[in-house]
Amino acid sequence: MSKIKSDRRYKMIKEKLSLLVKEALEKAQLKGELPIEEIPEIAMEHPREKAHGDWATNIAMILAGEVKMPPRAVAQIIVMSLGDVRKYLSKIEIAGPGFINFYLSNEWLYEVLEVIRQEGEKFGHSQAGRGKRVLIEFVSANPVGPMHIGHGRWAAVGDTLANVLTASGYNVEREFYINDFGNQMNIFAKSVAIRYAQLLGLDVLFPEDGYQGEYIKDIAREIIAKEGDKYLDISKEQRELIFKERAYLQVLEHLKRTLEKMGVIFDTWFSERALHESSAVDKAIEELRERGFVYDSEGAVWFKATAFGEEKDRVLIRANGEPTYFAADIAYHKNKLERGFNEIINIWGADHHGYIGRMRAATQALRYPADRMEIIIGQLVNLLRGGEPVRMSKRTGEMVTLDELLAEVGRDAVRFFFLMRSTDSPLDFDIELAKQESNENPVYYVQYAHARISSIIRFAEAEGVDLSGRVDYRQLETEPELDLIRKLGEWPEVLERATRQRAPHPLTAYAQELASAFHYFYTKCRVVSENKELSAARMSLSEATRTVLRSVLAILGVSAPERM
RNA sequence: GCGCCCGUAGCUCAGCUGGACAGAGCAUCGGACUUCUAAUCCGAGAGUCACAGGUUCGAAUCCUGUCGGGCGUGCCA
């Protein structure tokens, strides 16, 4: 077994095969067998069917039209022109309408295990990002109440995406934008102040537009518990002013705690209010005005979004003199872009998607390249309990909070469930299902595989199976064993795809597939037996599986239990 | 009305830059534990990929239109 630093060598099998085919094409071109002008990109893919080999290319079909030959004939010429490929491949065939199928040699598969042994949990990670700085902004819940279920999805997706990009060699920062400014903060403060007074026996009417939720009373109770009724003596206005600060900090702490329970730690908590206080908002508007994208009308200040193909212009400063949320957001994005990130990613709920156009228009008006900012729009979450929708109303404050969900379901299942679906799909979250410790629950399926492997390894070690010396991987030759190795070998590709798509959900699918491949191997192959060589090889395979499983779960932010 | 997302097996969903007879989990039915964790495994049935055109050697995938669903379309955030 070669000791070459070969994670690259492994990951490059695809490139290697492409190169071999390219060389074959050049040779055929030179000999005049294939009259082609230019050699196109050669695509390599995993055939859906196992019977079609490990890799396949459709290049012959692509070229068939140009050279006016049947695809299979083109494929024949390519195969004949291939150099020595025996060290990589056990078989090459032409199949179907003109595919060229490649079958990897076992030797090559064994190398995957050796690479995993050397690389450990770094196996599959890459330097694709070349250290580029990426800022991911997500959750950014309003600090006027507890987070709801939807925020949980963005927390899981944002955090995992950050992990994915980190594993791919990007330099990632997580940021939470705090909307601690504007009218909602005033309403919030007023709500708390009135509940405070009511709880202390005053007969005050709760306003129509106040926040109804029970948590407002909780905050008021907390203030009473800590500071008593001392705020009753001051004026209503003063009380609200003080409470705005007091209650807001309390909610912010609460948000942080909840997110920590989700396993999410932000690098930066960015305050909207700070943007106003530092006149960054004014400056941003001024800059836009200098560039000719701002005008005054009907007493308000407008941004000329229509200059960038938008349907209508948008207000930056209202007729009453108050800046809009949009104005602050422009300043915020200007700030983000000025911090020198190669890319900024925003994760927004589908209810904000109408906002994308104007935000893009604004960044363009500030002369930032359009591709510097990526906006991921996530569809919303439907909460179910035993198949029945859970009714929620923001108005009445009747809703299931993320805290309650975490308490009831637990972090691992919450994260896994939130990550299972593409963000383009609305997500049905069934509390009963997530809680079930049964085969209906994919979280436990994956975790069980990890616990099972751990158990086997404990047993094997106790039985004296020794991996310290050279392991003869050639002992592994049955289908369940080789399939498991192939699945392990897919991990770098899965991570690469998740990175490219900026989407975590391929990882949960892969975790399940890998667990499945292991469970199958386990039922077919006894790890610890009298055959020392075989035992060592199979234990090594188990160990490699555990390593990759851990790595995947770590990126998902889900624990990998040793026992279950 | 317009914009974005979606429409794939009974249910929930994958399907990456178009490729070889459409996949997974759950549910249903039938099997497998004296041996390293049965929270497991094996097998079976189940789909005109919403519909109609088009591009292509080839379309669930790309284009156009129709129907159905979600979200948005504020001087709210």
Seminar exercise, completed: Looking only at B:rC75, B:rU37, B:rA14, the nucleotide nearest the A:R318 side chain is B:rC75
Exercise. With centres under 5.5 Å and planes under 30° as the test, does A:H52 stack with B:rA20?
Worked result: yes
Exercise. Taking a pair as Watson-Crick or G-U wobble with both distances under 3.5 Å, which nucleotide is matched to B:rC41?
Worked result: B:rG31
Exercise. Is A:S425 touching bases, backbone alone, or none of the nucleic acid, heavy atoms closer than 4.0 Å?
Worked result: sugar-phosphate
For this session: Could you tell me whether A:K524 contacts a base, only the sugar-phosphate backbone, or nothing, with contacts defined as non-hydrogen atoms closer than 4.0 Å?
Result: nothing
Exercise. Counting any heavy atom closer than 4.0 Å, what does A:F326 reach on the DNA or RNA strands: base, sugar-phosphate only, or nothing?
Worked result: nothing
Exercise. Just checking, is any N or O donor in the side chain of A:Y325 or A:E272 under 3.5 Å from an acceptor N or O on the other one?
Worked result: no
Exercise. How would you label the contact of A:H519 with the nucleic acid (heavy atoms, under 4.0 Å): base, sugar-phosphate, or nothing?
Worked result: sugar-phosphate
Exercise. Is A:A95 touching bases, backbone alone, or none of the nucleic acid, heavy atoms closer than 4.0 Å?
Worked result: base
For this session: For A:P506, answer base if it contacts any base atom (sugar-phosphate contacts may also be present), sugar-phosphate if it contacts only those atoms, and nothing otherwise; contact means non-hydrogen atoms under 4.0 Å.
Result: nothing
Exercise. Looking at RNA chain B, which of residues 59-74 of chain A put a heavy atom within less than 4.0 Å of it?
Worked result: A:M61, A:I62
Exercise. Can A:F99 be said to stack with the base of B:rA20, given centres closer than 5.5 angstrom and planes under 30 degrees apart?
Worked result: yes
Exercise. A:A319 near the nucleic acid: base, sugar-phosphate alone, or nothing, with a heavy-atom cut-off under 4.0 Å?
Worked result: base
Exercise. Using a cut-off of 4.0 Å on non-hydrogen atoms, how would the nucleic acid contact of A:Y520 be classed: base, sugar-phosphate, or nothing?
Worked result: sugar-phosphate
Exercise. Has the side chain of A:D351 got a donor or acceptor that lies under 3.5 Å from a partner of the other kind on the base of B:rA77?
Worked result: no
